[in-house]
Student: 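The structure that follows is given in the form of structure tokens.
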Amino acid sequence: MTAIEIDGVTKRYGDVVAVRDLSFEVEEGEVFGFLGPNGAGKSTTINILLDFVRPTEGEVRVFGHDVHDESVTVREHLGVLPEGFSVYDRLTGRQHLEFAIESKDADDDPAEILERVGLSAADGDRKAGGYSKGMAQRLVLGMALVGDPDLLVLDEPSTGLDPQGARQMRDIVREEADKGTTVFFSSHILGQVESVCDRVGILRDGQLVAEDSIEGLRETTSADTVLHVTVGEVPDGALAEVRGIEGVTEATHTGSRLEISCENDVKTSVLSTLEEAGVEVEDFETEEASLEDLFMAYTTDKQEVEA
Amino acid sequence: MSWQAIARKDFQDAVRSKWLWALSLLFVGVFALPPILLFYLEMGATPQQGEAGTTDMFVFLMKQGTSILIPLIGIVVGYTSITRERESGSLKLLLSLPHSREDVVFGKVLGRSGVIALPIALGFAVALVVLLFTSLSLKLANFLLFAALTALLGLVFVGLSVGLSAAASTGKRAMVAAIALFVWFVVLWNSFANQVVNALVKYVGISEAAKYETVLFLKLLNPTQAYKTLVDAFLMDSALQSRVYMFGIFKRKTVAQAFGDSLPVYLSDPFVVAYLLAWLFVPVAIGLWKFSKDDL
């Protein structure tokens, strides 16, 4: 069954288009990373999913229910960590959880949830107004876990968390995924999602520019290796010869350095071609493009990538 | 029920705020001070000869103050109820849970009603205790009716201001509208009613009796006036008398003659109660309609 269906969604704010004819699906049980730089339209998409804002065009369904017409039904299946929320200053952490439990008609134990998200019992008895951003983030994650939701929607969940908190967050996502919960979460940092996601979608300027599994993305990226070569003299025509090798996409020369982008398995022939052409190779190193580079390539301006 | 959970949370939240207790103190002061003053003045004085007053006197005097204070407090209690959550982002927590926007508005009306009802109840309870120590003889039914009507007036203004808060997209707009609302009802309405009727007399040429009926009707549409005349209605002999009492002292005789001995049905007590309740339901409905279709 399909957990989330986003079908031709466009959202305009006056002249500004936040999301443009967006369509994709998230399968049940999947951990889907929704990536993109700030302002790409991730939060708008999630806000439409939660019925906080209404799309100008298109439809969103969660487990087959329209998110606007059957919003309450949809949210009965959901656990949400929204972006840009604030807690109720005068209520304690425990009261927040009790409210979530009552709202979802669940029977969770607040103490267990506090422990799971890394808050102490003493924290739970304090007013949430005194919480740090990270603690508030943990508390609201706890509220999202109440009632064992079928779908977790986490909007920038690592905001305000220290590295340990971010790791706990990932552990919780993994635990939930192992139980069969579908997880949909957004981030502007790929590093936070690559270890837990089955699949990612990369959003840029309100449009999906890539949608693939992490393995798929890795394959795409491992195709490209950058060879940094420190050289002495470079005779005329040497670069041209290198560019002629099949699998080489780019070769540039600045001062005593050559930079050659190529497929991983033509590295040696690049080096031998250089030497045959009379180039004095003093040193070289290879750099495999990381997912991060790919992500940057997808999400920054085209010209910047090529430059 | 979803809106009950919201109401409970909202009330829990408010109970912890200092100003709810400041409000209670204010109400206790306002309601209990006159009887305390009376008690103090009576101390050591010889009991008056003849008939002593009743607590109806207290009610009759107090309604002037409550008809201004309760709307003011009702508006203050309600006008930020939704805009504040909307601007801070806690509304996102609320609506991430399975609550509809209707639940949010109804829950807020209920929760904030509790916030105003509690101090009112406290104020009346303390006043009642103090009154027992004065020479005024207690007319409990009237006293309780007065308390109930006062709570209803509080509820009406909470509904009005929560509706306003639901419709407003920013806290600032809600505040401006709230101030305007208060000035309109408490200060401007009566002269507005008179202007309308004068215009009718001048341009349409309605009869004397129709003139009084129209001005009365317009005045009764003001929730604070409706409240006052309903309080008077059970203190006085008849509803008619309490309506006539809404006119200035020199006009009352003429008005009474114009009405004869019967009140048009749309000026009778049940209708006045209905007008009062309309101010509770209509603004909530409008606020909800706007809130439901807004992007947050």
Side-chain angles (χ1 to χ4, degrees), chain A residues 11-13 18 43-44 46-56 68-92 95-106 127-129 136 139-141 143-144 146-147 149 152-155, chain B residues 1-23 77 80-108 110-112 114-115 166 169 171 288-296:
Chain A
K11 177 65 185 178
R12 277 188 218 99
Y13 291 100
S43 283
T44 302
I46 290 177
N47 285 342
I48 289 171
L49 184 85
L50 298 173
D51 197 37
F52 292 169
V53 306
R54 281 64 189 258
T56 315
H68 176 59
D69 298 336
E70 299 168 86
S71 178
V72 173
T73 314
V74 164
R75 282 176 285 133
E76 278 165 4
H77 295 280
L78 248 53
V80 184
L81 173 55
E83 183 256 343
F85 66 84
S86 89
V87 293
Y88 292 101
D89 291 353
R90 289 189 293 257
L91 298 182
T92 65
Q95 281 174 319
H96 277 81
L97 292 172
E98 282 164 357
F99 176 57
I101 291 166
E102 189 185 359
S103 299
K104 285 188 174 175
D105 207 6
K127 287 183 184 176
L139 175 63
V140 177
L141 175 67
M143 289 172 74
V146 164
L152 268 180
V153 176
L154 313 173
D155 197 354
Chain B
M1 287 294 277
S2 194
W3 51 275
Q4 287 165 341
I6 294 175
R8 194 169 314 125
K9 178 207 65 69
D10 202 47
F11 186 72
Q12 259 181 353
D13 192 20
V15 162
R16 295 195 165 203
S17 85
K18 289 184 189 76
W19 61 263
L20 176 68
W21 297 108
L23 204 63
V77 160
T80 58
S81 58
I82 291 173
T83 49
R84 199 170 136 250
E85 286 219 27
R86 198 162 158 172
E87 287 181 338
S88 76
S90 56
L91 191 61
K92 287 186 173 180
L93 284 196
L94 203 54
L95 286 175
S96 289
L97 296 165
H99 301 296
S100 67
R101 296 197 189 180
E102 286 84 351
D103 292 331
V104 173
V105 174
F106 293 144
K108 285 284 177 188
L110 199 70
R112 300 290 154 125
V115 171
S169 48
L288 181 57
W289 169 77
K290 172 80 171 19
F291 183 58
S292 291
K293 68 181 185 61
D294 266 3
D295 281 352
L296 300 179

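Hydrogens, waters and symmetry mates are skipped; everything else that's a heavy atom, side chains included, is used. Letters go in sequence order (proteins before strands), and every chain restarts at 1.
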Student: Once you round to the nearest 0.5 Å, how far does CZ of A/F52 lie from CG of B/D294?
Tutor: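 The CZ atom of A/F52 sits 14.0 Å away from the CG atom of B/D294.
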Student: Is it the side chain or the backbone of A/S71 that comes within 4.5 Å of chain B heavy atoms, both, or neither?
Tutor: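 Contact with chain B: none, neither part.
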Student: Between B/R8, B/H99, B/E85, which has the largest tally of heavy atom pairs under 4.5 Å with chain A?
Tutor: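 Looking at each of B/R8, B/H99, B/E85 in turn, B/H99 comes out on top.
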Student: Would you call B/K9 and A/E102 a salt bridge, taking side-chain N to carboxylate O under 4.0 Å as the test?
Tutor: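 So B/K9 does not pair with A/E102 through a salt bridge.
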Student: Looking at A/E83, A/K127, A/R90, which makes the most heavy-atom pairs under 4.5 Å with chain B?
Tutor: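 Heavy-atom pairs under 4.5 Å are most numerous for A/R90.
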Student: Does A/D51 pair with A/R75 as a salt bridge, N-O distance under 4.0 Å?
Tutor: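 No, A/D51 and A/R75 are not salt-bridged.
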Student: State, yes or no, whether a side-chain contact exists between A/K104 and B/P98 at a heavy-atom distance under 4.5 Å.
Tutor: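 When only atoms from C-beta onward are counted, B/P98 and A/K104 do touch, with a gap below 4.5 Å.
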Student: Which residue out of A/V80, A/N47, A/V74 racks up the most heavy-atom pairs below 4.5 Å with chain B?
Tutor: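 Greatest number of close heavy-atom pairs with chain B: A/V80.
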Student: Between A/Y88 and A/F99, what is the ring plane arrangement, given parallel below 30°, perpendicular above 60°, and tilted in between?
Tutor: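 Geometry flag for A/F99 against A/Y88: perpendicular rings.
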Student: If the contact rule is any heavy atom under 4.5 Å from chain A, which residues of residues 101-108 of chain B qualify, in numerical order?
Tutor: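 Within residues 101-108 of chain B, the residues that come under 4.5 Å of chain A (heavy atoms only) are B/R101.
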Student: Evaluate the side-chain contact (heavy atoms from CB on, under 4.5 Å) criterion for residues B/R86 and B/F291: first the C-alpha distance (whole Å), next the side-chain angles of each, then the deciding distance (0.1 Å), finally the verdict.
Tutor: CA-CA 11 Å; B/R86 198 162 158 172; B/F291 183 58; 4.0 Å; yes
Student: Can you tell which of A/H68, A/E98, A/E76, A/H77 has the highest number of heavy-atom pairs within less than 4.5 Å of chain B?
Tutor: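 Of the options given, most contacts go to A/E76.
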Student: Taking the side chain as every heavy atom from C-beta outward, state whether B/Q12 and A/L91 have any atom pair closer than 4.5 Å.
Tutor: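 When only atoms from C-beta onward are counted, A/L91 and B/Q12 do touch, with a gap below 4.5 Å.
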Student: Could you report the tightest heavy-atom contact between A/S103 and B/L97, atom names first, then the distance?
Tutor: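 Scanning both residues completely, I find the closest heavy atoms to be OG-CD1, 3.9 Å.
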Student: Quick one: what part of A/V72 sits under 4.5 Å from any heavy atom of chain B, side chain, backbone, both or neither?
Tutor: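 Answer is both: backbone and side chain atoms of A/V72 are under 4.5 Å from chain B.
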Student: Does a side-chain heavy-atom distance below 4.5 Å link A/L141 with A/L154?
Tutor: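 Side-chain contact under 4.5 Å: yes.
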